[in-house]
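Written below as structure tokens is the structure these notes are about.
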Amino acid sequence: MAKKKRNNKKHSRRGLKKWKQLSFGGKVWRFLWVAVLSLWLFSILQVLYCAVFNPPITPLMVKRLVEQVKDPDRAVRFERDYVSIDHISQNLVNAVVVSEDGLFMYHNGFDVKQLKMSYIEGKKGRRHRGGSTISMQTAKNCFLPHKHSMVRKAVEAYYTSMIELVWSKKRIIECYLNVIEFGDGIYGCEAAAQHYFGHSAEHLTKREAALLAVCLPTPLRSNPGRPSGYLSRQAGVIQGRMSKYGRINLEATKEDLNPKYLKQMDESLFDFVWWMITDGESLKKK
């Protein structure tokens, strides 16, 4: 035992001696690759953990709490109650998919066609078309702060690819519905159902599900429990889509899906990046 301790001390001294012998540039390089490797391993652990468990807290939850504490006119609220997908109404699954990401079951995390349209409209100064898929929103809400930057978008794409690789579609929608913001300090469908409708998410009606789904883009300005005329009309549109699409089968295999839409999803994120480099600059001017 004593010999083992002496060997450990020798190795520590050797490591320290080697570090001191490195040039400044060598020390910076060593620090950078160790940091990058550590972050990469941490991200893998995050994704593996959340493949089974919902995150204890998310960056957005922390941000909202800080905002609430700083604002004397704002109530401090933290309502959250994670539930299994088996205790979430199929109506809500249907409503959220048709509202947020109609091709959720077909893509591998990215709807390249929508990303291209969003890119062109953004460069022309128009209001951005929704280009984020449910997978992208899940990655953002679980792991990242809500800041608009290219770096955050790149990291979001990385996490999206990871969860699409490791998680099932069923797990992605389950996690999404448990962490998404439904109001100021209200997170997840169970807390939202209890807050706005006085019952569990398992018993949400088609109308209630549509109202919750239509509020997702602007959760701080929308109240599904007391919808405005605009929100009510939009919820009616979502209900119409729900009838058209039918039940979303989260356990469907490729053989169960429509080949027409599968073909549309052939492009990957790399295709989108290459398109931006080669064609995006010319297309956005048209």
Side-chain angles (χ1 to χ4, degrees), residues 39 42-43 46-47 49-50 53-85 87-88 92-93 95-96 99-101 127-128 130-160 163 171-201 204 208-228 230-231 234-235:
L39 288 172
F42 178 67
S43 70
Q46 281 183 300
V47 171
Y49 174 86
C50 288
F53 307 102
N54 291 312
I57 197 165
T58 68
L60 180 62
M61 293 175 187
V62 174
K63 179 184 177 183
R64 291 286 184 256
L65 277 173
V66 172
E67 290 173 350
Q68 291 169 357
V69 170
K70 286 184 176 180
D71 189 345
D73 299 323
R74 194 167 167 183
V76 177
R77 181 189 294 124
F78 186 80
E79 297 179 21
R80 185 197 67 186
D81 189 5
Y82 292 150
V83 291
S84 163
I85 189 69
H87 297 291
I88 297 174
L92 184 60
V93 173
V96 168
S99 174
E100 297 288 295
D101 184 5
R127 184 178 178 181
H128 288 223
S132 291
T133 62
I134 286 175
S135 302
M136 294 168 70
Q137 292 179 56
T138 303
K140 178 179 70 176
N141 280 281
C142 280
F143 307 116
L144 302 169
H146 285 217
K147 290 184 178 180
H148 296 285
S149 70
M150 290 305 294
V151 173
R152 201 270 289 162
K153 281 289 185 184
V155 178
E156 179 186 310
Y158 164 74
Y159 273 107
T160 301
I163 66 174
R171 175 56 188 156
I172 291 173
I173 197 74
E174 178 181 49
C175 192
Y176 176 73
L177 291 175
N178 272 297
V179 301
I180 196 68
E181 185 179 36
F182 282 99
D184 195 11
I186 303 169
Y187 308 99
C189 59
E190 180 64 20
Q194 295 285 358
H195 182 90
Y196 294 116
F197 306 117
H199 58 74
S200 71
L204 286 167
E208 290 169 344
L211 284 167
L212 287 175
V214 82
C215 290
L216 287 176
T218 55
L220 298 184
R221 301 197 304 269
S222 305
N223 186 335
R226 295 180 181 177
S228 63
Y230 172 77
L231 286 178
Q234 289 299 106

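Source: prediction; values computed, not measured. Values reported hereafter were calculated over all heavy atoms of this structure, with side chains retained and with hydrogens, waters and symmetry mates removed.
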Are side-chain heavy atoms of [X] and [Y] found at a separation under 4.5 Å?
X    : Y    : result
M136 : K140 : no
F143 : P59  : no
P145 : L60  : no
L231 : P224 : no
R64  : R74  : yes
K70  : E67  : no
P217 : E100 : yes
I85  : V93  : yes

Do side-chain atoms of [X] reach the backbone of [Y] as a donor and acceptor pair under 3.5 angstrom?
X    : Y    : value
R171 : C50  : yes
Y82  : E190 : no
R80  : Y187 : no

Just how far is it from atom [atom1] of [X] to atom [atom2] of [Y], taken to the nearest 0.5 Å?
X    : Y    : atom1 : atom2 : answer
N141 : I134 : CG    : CD1   : 11.5 Å
N178 : T58  : CG    : OG1   : 11.5 Å
L177 : I180 : CG    : CD1   : 8.5 Å
D81  : S200 : CG    : OG    : 10.0 Å
K63  : K147 : NZ    : NZ    : 8.0 Å
C189 : Q194 : SG    : CD    : 10.5 Å

### Query
Would you call R77-D184 a salt bridge at under 4.0 Å N-O?
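Salt bridge flag = no for D184 with R77.
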### Task
Start with the C-alpha gap between Y159 and T138, add the side-chain angles, then the distance that decides, and say whether side-chain contact (heavy atoms from CB on, under 4.5 Å) holds.
CA-CA 9 Å; Y159 273 107; T138 303; over 6 Å; no
### Query
Using 30° and 60° as the class limits, which term best fits the ring planes of H199 and F197: parallel, tilted or perpendicular?
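Judged by the thresholds at 30° and 60°, the geometry between H199 and F197 is parallel.
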Would you check if there is a donor-acceptor pair between the side chains of [Y] and [X] at a distance under 3.5 Å?
X    : Y    : value
S43  : Y158 : yes
E79  : H195 : yes
Q137 : Y176 : yes
Y196 : E208 : no

### Task
Would you indicate whether R221, at its atom CZ, is surrounded by more than 12 heavy atoms from other residues, nucleotides or ligands within a distance under 6.0 Å?
no
### Message
Between Q234 and S222, does the side-chain contact (heavy atoms from CB on, under 4.5 Å) criterion hold? Intermediate values first, please.
### Response
CA-CA 12 Å; Q234 289 299 106; S222 305; over 6 Å; no
### Task
Given side-chain contact (heavy atoms from CB on, under 4.5 Å), test V214 with S99 step by step and report yes or no.
CA-CA 7 Å; V214 82; S99 174; 5.5 Å; no
Give me the atom names and distance for the closest heavy-atom approach of [X] to [Y].
X    : Y    : value
P55  : V179 : CG-CG1, 3.9 Å
D73  : D71  : N-OD1, 3.0 Å
L212 : A192 : CD2-CB, 4.0 Å

